[in-house]
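One-based numbering, in listed order, for ligands and for the atoms of each.
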Amino acid sequence: MYLFSRVFLFLFSICNCAKHINPSIINMNVLVTGAAGFIGSNLCMRLLEELSDTLVVGLDNLNAYYDVNIKRWRLEQLTGFRERFVFIKGSIADKSLVDKIFDEYQPQIVVNLAAQAGVRYSITNPDAYIESNLIGFYNILEACRHSYDEGREGVKHLVYASSSSVYGSNKKVPYSTDDKVDNPVSLYAATKKSNELMAHAYSKLYDIPSTGLRFFTVYGPAGRPDMAYFGFTDKLLKGEKIKIFNYGSCKRDFTYVDDIVEGVMRVMAKAPERKVGEDGLPVPPYKVYNIGNNHPENLLDFVRILQEELIRAGVLPADYDFEAHKELVPMQPGDVPVTYADTSALERDFGFKPSTPLREGLRKFAGWYKDFYME
Ligand SMILES: NC(=O)c1ccc[n+]([C@@H]2O[C@H](COP(=O)([O-])OP(=O)(O)OC[C@H]3O[C@@H](n4cnc5c(N)ncnc54)[C@H](O)[C@@H]3O)[C@@H](O)[C@H]2O)c1
């Protein structure tokens, strides 16, 4: 019976490969931090649905930066996978907890998505960013480093979330990972750039294969309430005015969450190669990619499509007076006028580029919002 089930799992895994799943992530222990978060929960779902022999360990401190009910709801969606999904409530800033998790589960792949997100919040609450994004990330790096102790195979790939925010107010678009990103305009951006630098040093010193992913404005069902599309919806429903910054002339490369998850899955499976340099020391197995839609949308067009989809889903009535609920205001500190991803490196190395049209993604968001808040 046991043999039969292993053969079945093996055949199932082969079928999964046909769906672009690289065999190198089959049969692994994967640690996903920020597992109750927007991107983390979607990634866990994909991993559990498609890799039947993978153990997914999710870590999240379930902090109250935004409505914890949404984090709980996301975790509930994963309860069907109890045998292969272990959830641990705790912080990556807790070094002893992180070390304990690495000792117990010995993850071969680590996807660090836990972070204090949000640009504006970093202006009023810098402590949260230092704790999660710097101390927490340092703990993950240290745990990866010690995963090789006593000749163990250890972590094969550390994938971590960076952000398009690292581009600051760079004028040159589209943003390329070859561009200079030394002028962050928020502490959030500074912590994300620091993560890339820290990962580089650890890759060089301890030969840890690591890939940083600069995500561009991710949206979708059960997304983050602090983000504009979600906040706009809440406000319009309450009959409040929405503020459109930079008088509406901002452009954002909105990226649908399934595209982000697809990108992460592909990247996870292909760690940068370990090589030895002429000096006999490791050439850092280190990469950074953009994952964005490569198609920036004007904020006013975005709001128009959102409105149409909110009406279509029945969140707002067909005769809603949008003009009366719109206010065009100047730029906010920490904001940037445009984000636009150059995805050529992602396409070259992984044969993939996000492609979900904005209307399709917002339609799914509006449908989820209706079910979650209004049914
Ligand atoms: N959503 C986007 O548009 C976007 C864009 C660029 C980068 N990112 C990055 O992607 C990652 C995931 O973002 P998201 O949109 O899913 O955000 P999210 O806030 O929904 O998810 C992050 C999760 O991490 C958890 N967390 C925070 N600090 C923690 C800590 N110290 N220990 C354990 N858990 C902790 C939170 O409770 C949350 O559930 C983050 O690193 C974020 O900075 C997101």
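Arg214 and Tyr167 are linked by a side-chain donor-acceptor pair at a separation below 3.5 angstrom, with hydrogens and angles left out of the test. Using modelled atom types and a 3.5 Å distance limit, the side chains of Asn195 and Tyr138 yield no donor-acceptor pair. A donor atom on one side chain and an acceptor atom on the other are found under 3.5 Å apart for Asn294 and Lys353. Between the side chains of Glu347 and Thr343, at least one donor-acceptor pair of N or O atoms lies under 3.5 Å. For the residue pair Glu142/Tyr202, the side-chain donor-acceptor check at 3.5 Å is satisfied. Counted by atom type alone, Thr339 and Ser164 present zero donor-acceptor pairs between their side chains at under 3.5 Å.
For ligand 1, the polar-atom distance check finds an N/O of Phe38 within less than 3.5 Å of one of the ligand's N/O atoms. Checked by distance only, ligand 1 and Ser164 stay at 3.5 Å or farther apart across all their nitrogen or oxygen atoms. No N or O atom of Phe215 sits closer than 3.5 Å to an N or O atom of ligand 1. At a 3.5 angstrom cut-off on N or O pairs, Ser132 counts as close to ligand 1.
Considering only non-hydrogen protein atoms, atom 1 (N) of ligand 1 sits nearest to Arg224 NH1, 3.2 Å. Counting protein heavy atoms only, atom 35 (C) of ligand 1 is closest to Asn61 OD1, 3.1 Å. Here the protein heavy atom with the shortest distance to atom 16 (O) of ligand 1 is Ile39 N, 2.8 Å. Closest to atom 40 (C) of ligand 1, if we only count protein heavy atoms, is Leu113 O, 3.1 Å. Looking from atom 39 (O) of ligand 1 to the surrounding protein, the closest heavy atom is Asp60 OD2, 2.7 Å. Given atom 21 (O) of ligand 1, the protein heavy atom at minimum distance is Gly37 CA, 3.3 Å. In this structure, the protein non-hydrogen atom closest to atom 42 (C) of ligand 1 is Tyr188 OH, 3.6 Å. Scanning all protein heavy atoms for the shortest distance to atom 2 (C) of ligand 1 gives Val218 CG2, 3.5 Å.
Using cut-offs of 30° and 60° on the angle between ring planes, the pair Tyr289 and Phe350 is perpendicular. By the 30° and 60° cut-offs, the orientation of the rings of Phe302 relative to Tyr229 is perpendicular. The aromatic rings of Phe372 and Trp368 sit parallel to each other, their planes meeting at less than 30°, with 60° as the upper class boundary.
Of all atoms in ligand 1, numbered sequentially from 1 with element shown, those under 4.0 Å from a heavy atom of Ala161 are 9 (C), 10 (O), 11 (C), 41 (O). The atoms of ligand 1 that sit less than 4.0 Å from any heavy atom of Gly34 are 23 (C), 24 (O). Shown in contact with Tyr66 at under 4.0 Å from a heavy atom are these atoms of ligand 1, numbered in order with element: 18 (P), 19 (O), 20 (O). Each of the following atoms of ligand 1 lies closer than 4.0 Å to a heavy atom of Ile92: 30 (C), 31 (N), 32 (N), 33 (C). Per-residue contacts place Ala114 under 4.0 angstrom from the following atoms of ligand 1 (heavy atoms of the residue considered): 24 (O), 33 (C), 34 (N), 35 (C). Within the listing of ligand 1, atoms 32 (N), 33 (C) sit less than 4.0 angstrom from a heavy atom of Gly90.
Ligand 1 is never approached by Ala128 to a heavy-atom distance shorter than 4.0 Å. The shortest heavy-atom distance from Asn63 to ligand 1 is under 4.0 Å. At least one heavy atom of Ala36 sits closer than 4.0 Å to an atom of ligand 1. Judged by the shortest distance from any of its heavy atoms, Ser162 lies inside the 4.0 Å radius around the atoms of ligand 1.
At a heavy-atom cutoff of 4.0 Å, ligand 1 is contacted by the backbone of Leu62 but not by its side chain. Only side-chain heavy atoms of Met227 come within less than 4.0 Å of ligand 1; its backbone N, CA, C and O stay farther off. Contacts of Arg214 with ligand 1, taken as heavy-atom pairs under 4.0 Å, are absent altogether. At a 4.0 Å heavy-atom cut-off, ligand 1 does not touch Phe216 at all. Of the heavy atoms in Thr217, only backbone atoms (N, CA, C, O) come closer than 4.0 Å to ligand 1.
In this structure, His295 has its ring center at least 6.0 angstrom away from the ring center of Phe254. Under the 6.0 Å cut-off for aromatic ring centres, Tyr148 and Tyr206 do not qualify, their centroids lying 6.0 Å or more apart.
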- Message: Quick one, Gln116 with Ser132, criterion side chain to side chain donor-acceptor pair (under 3.5 Å). Give me CA distance, side-chain angles, the key distance, then yes/no.
- Response: CA-CA 6 Å; Gln116 179 56 58; Ser132 294; 5.7 Å; no

- Task: Please report the C-alpha distance between Asn293 and Thr255 in whole Å, then the side-chain angles of each, then the deciding distance to 0.1 Å, and finally whether the side chain to side chain donor-acceptor pair (under 3.5 Å) criterion is met.
- Result: CA-CA 5 Å; Asn293 211 35; Thr255 315; 5.3 Å; no

- Test Leu62 against Phe87 for side-chain contact (heavy atoms from CB on, under 4.5 Å), laying out the working first. CA-CA 11 Å; Leu62 295 179; Phe87 178 72; 4.2 Å; yes

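Applying the 6.0 Å contact sphere to CD of Glu278 captures no more than 12 heavy atoms from other residues, nucleotides or ligands.
Among the candidates Tyr219, Phe38, Phe230, the single residue satisfying the ring pair (Phe, Tyr, Trp, His ring centres under 6.0 Å) test with Phe365 is Phe230.
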